[in-house]
Amino acid sequence: MTAQEILNSKEFKRCEAFHGHVCPGLSLGYRATQLAMNRLNAERSMDEELVAIVETDACSADAVQVLTGCTFGKGNFFYKDYGKMALTLFNRNSGQGVRVSLRPDAFKPDAEHMALIQKMTTGQATGVEQKQFEKRHFERTCDVLEAPAEKLFSISEVNAAIPSRARIEPSELCAQCGEPTMPSKLVLTGEKKICRGCAAL
């Protein structure tokens, strides 16, 4: 498929609507997730059939949630603060898992693009520079969507325990702030059980 065909597809449109805009990062998440799901022969999770672990909280993570159906609320979406464009996806039905990560030589930084991004984020871009940014951002997005998957990503099987299903617990009150808290998230301080928020004060 061409980049334009992908951009017009129902699945990508759903990712765009959820994320709010089209960008290279969202496109990387889209491609990585499709690669992982195809390798696992998996369909979108209706409940907790799939488990996703992302290693960045950037744009790509939104595409992962939309395409896999994995969310924080269902307890099958996990975030590791590693700053990497990487996705680990498990299929509970088959017990299989794969990790997809961006290749070191893929999607190398573009000096012109990065300079424009910096100006956009700091609000210093002129009208002309804003149009240049939009044009370059779209070009980079198309580069991601049209590149062969093997050029963008490394993919490997994961032989690790699948994270447990979402835990449901009756709440206990934090001894300090009095707010209902999951017992497994309480911290024992002296003889009192307090929430992590209070423990961090």
Side-chain angles (χ1 to χ4, degrees), residues 1 3-109 117 121 137-138 140-167:
M1 293 177 71
Q4 195 58 57
E5 287 173 333
I6 296 172
L7 289 167
N8 291 333
S9 68
K10 183 184 296 184
E11 285 188 332
F12 194 91
K13 286 293 185 185
R14 286 172 49 229
C15 293
E16 179 186 354
F18 182 74
H19 186 58
H21 62 264
V22 172
C23 64
L26 184 70
S27 301
L28 283 168
Y30 176 88
R31 294 295 308 279
T33 305
Q34 284 211 322
L35 179 60
M37 292 181 72
N38 287 340
R39 181 63 65 91
L40 294 176
N41 193 28
E43 296 182 356
R44 189 176 191 273
S45 181
M46 297 302 294
D47 192 14
E48 296 182 47
E49 298 86 357
L50 299 181
V51 179
I53 303 171
V54 296
E55 299 178 28
T56 178
D57 59 354
C59 306
S60 60
D62 280 352
V64 175
Q65 292 178 84
V66 171
L67 295 177
T68 64
C70 297
T71 66
F72 279 118
K74 285 195 289 190
N76 60 344
F77 184 80
F78 298 88
Y79 164 56
K80 294 183 177 180
D81 191 12
Y82 294 169
K84 296 181 180 181
M85 173 50 245
L87 161 68
T88 299
L89 192 66
F90 293 100
N91 186 337
R92 289 193 190 280
N93 294 332
S94 67
Q96 295 178 308
V98 294
R99 183 175 185 270
V100 178
S101 59
L102 189 66
R103 287 186 176 277
D105 56 346
F107 203 66
K108 292 182 178 179
I117 289 174
T121 55
H137 218 48
F138 182 74
R140 294 290 276 168
T141 295
C142 291
D143 290 342
V144 170
L145 295 177
E146 292 186 340
E150 63 273 15
K151 296 286 187 180
L152 291 174
F153 306 108
S154 296
I155 184 168
S156 58
E157 292 185 7
V158 175
N159 296 312
I162 300 175
S164 58
R165 291 181 180 273
R167 182 182 297 179

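Below, all heavy atoms of this structure are taken into account, side chains as well, without hydrogens, waters or symmetry copies.
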**Q.** Test side-chain contact (heavy atoms from CB on, under 4.5 Å) applied to E11 and R14, step by step
**A.** CA-CA 5 Å; E11 285 188 332; R14 286 172 49 229; 4.3 Å; yes

Q) Would N8 and K13 count as a side-chain contact (heavy atoms from CB on, under 4.5 Å) if you check the C-alpha gap in whole Å, the side-chain angles of each, and the deciding distance to 0.1 Å? A) CA-CA 7 Å; N8 291 333; K13 286 293 185 185; 4.3 Å; yes

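Annotation: the span from R31 atom CZ to I6 atom CD1 amounts to 6.0 Å, rounded to 0.5 Å. Interatomic distance, R39 CZ to E157 CD, rounded to the nearest 0.5 Å: 7.5 Å. Distance check: E49 CD to C70 SG gives 9.0 Å after rounding to the nearest 0.5 Å. One distance of note links CZ of F107 with CG of L28; it measures 5.5 Å at 0.5 Å rounding. Rounding to the nearest 0.5 Å gives a distance of 12.0 Å between CD1 of I162 and OG1 of T88. We find the CZ-OG1 distance between F90 and T68 to be 13.5 Å, quoted to the nearest 0.5 Å.
No donor-acceptor distance shorter than 3.5 angstrom exists from the side chain of R103 to the backbone of L152, with no hydrogens or angles considered. When atom types are taken as modelled, the side chain of N76 and the backbone of L50 share a donor-acceptor pair closer than 3.5 angstrom. K74 places no side-chain N or O within 3.5 Å of a backbone atom of E48 that could act as its donor or acceptor partner.
Pairs passing the salt bridge (charged side-chain N to carboxylate O under 4.0 Å, His left out) check and including a residue from residues 78-100, sequence neighbours excluded, read E55-R99.
Of all non-hydrogen atoms in I155 and L35, the two that sit nearest each other are CD1-CG, 3.9 Å. Scanning all heavy atoms of the two residues, the minimum distance from V64 to F77 falls at CG1-CE1, 3.9 Å. Taking each heavy atom of Y79 and T56 in turn, the nearest pair found is CE1-C, 3.5 Å. Minimum heavy-atom separation, A32 to M85: CB-CE, 3.8 Å.
Side-chain atoms of L67 and C15, non-hydrogen and from C-beta on, do get closer than 4.5 Å to each other.
In this structure, D105 places its CG atom where more than 12 heavy-atom neighbours from other residues, nucleotides or ligands lie under 6.0 Å away. Within 6.0 Å of CD on E5 lie more than 12 heavy atoms contributed by other residues, nucleotides or ligands. The local environment of CE in M46 is sparse, with at most 12 non-hydrogen atoms from other residues, nucleotides or ligands closer than 6.0 Å.
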N/O donor to acceptor pairs below 3.5 angstrom from side-chain atoms of residues 140-151, sequence neighbours left out:
| from | atom 1 | to | atom 2 | distance (Å) |
| --- | --- | --- | --- | --- |
| R140 | NH2 | K108 | O | 2.5 |
| T141 | OG1 | H137 | O | 2.9 |
| E146 | OE2 | A3 | N | 3.0 |

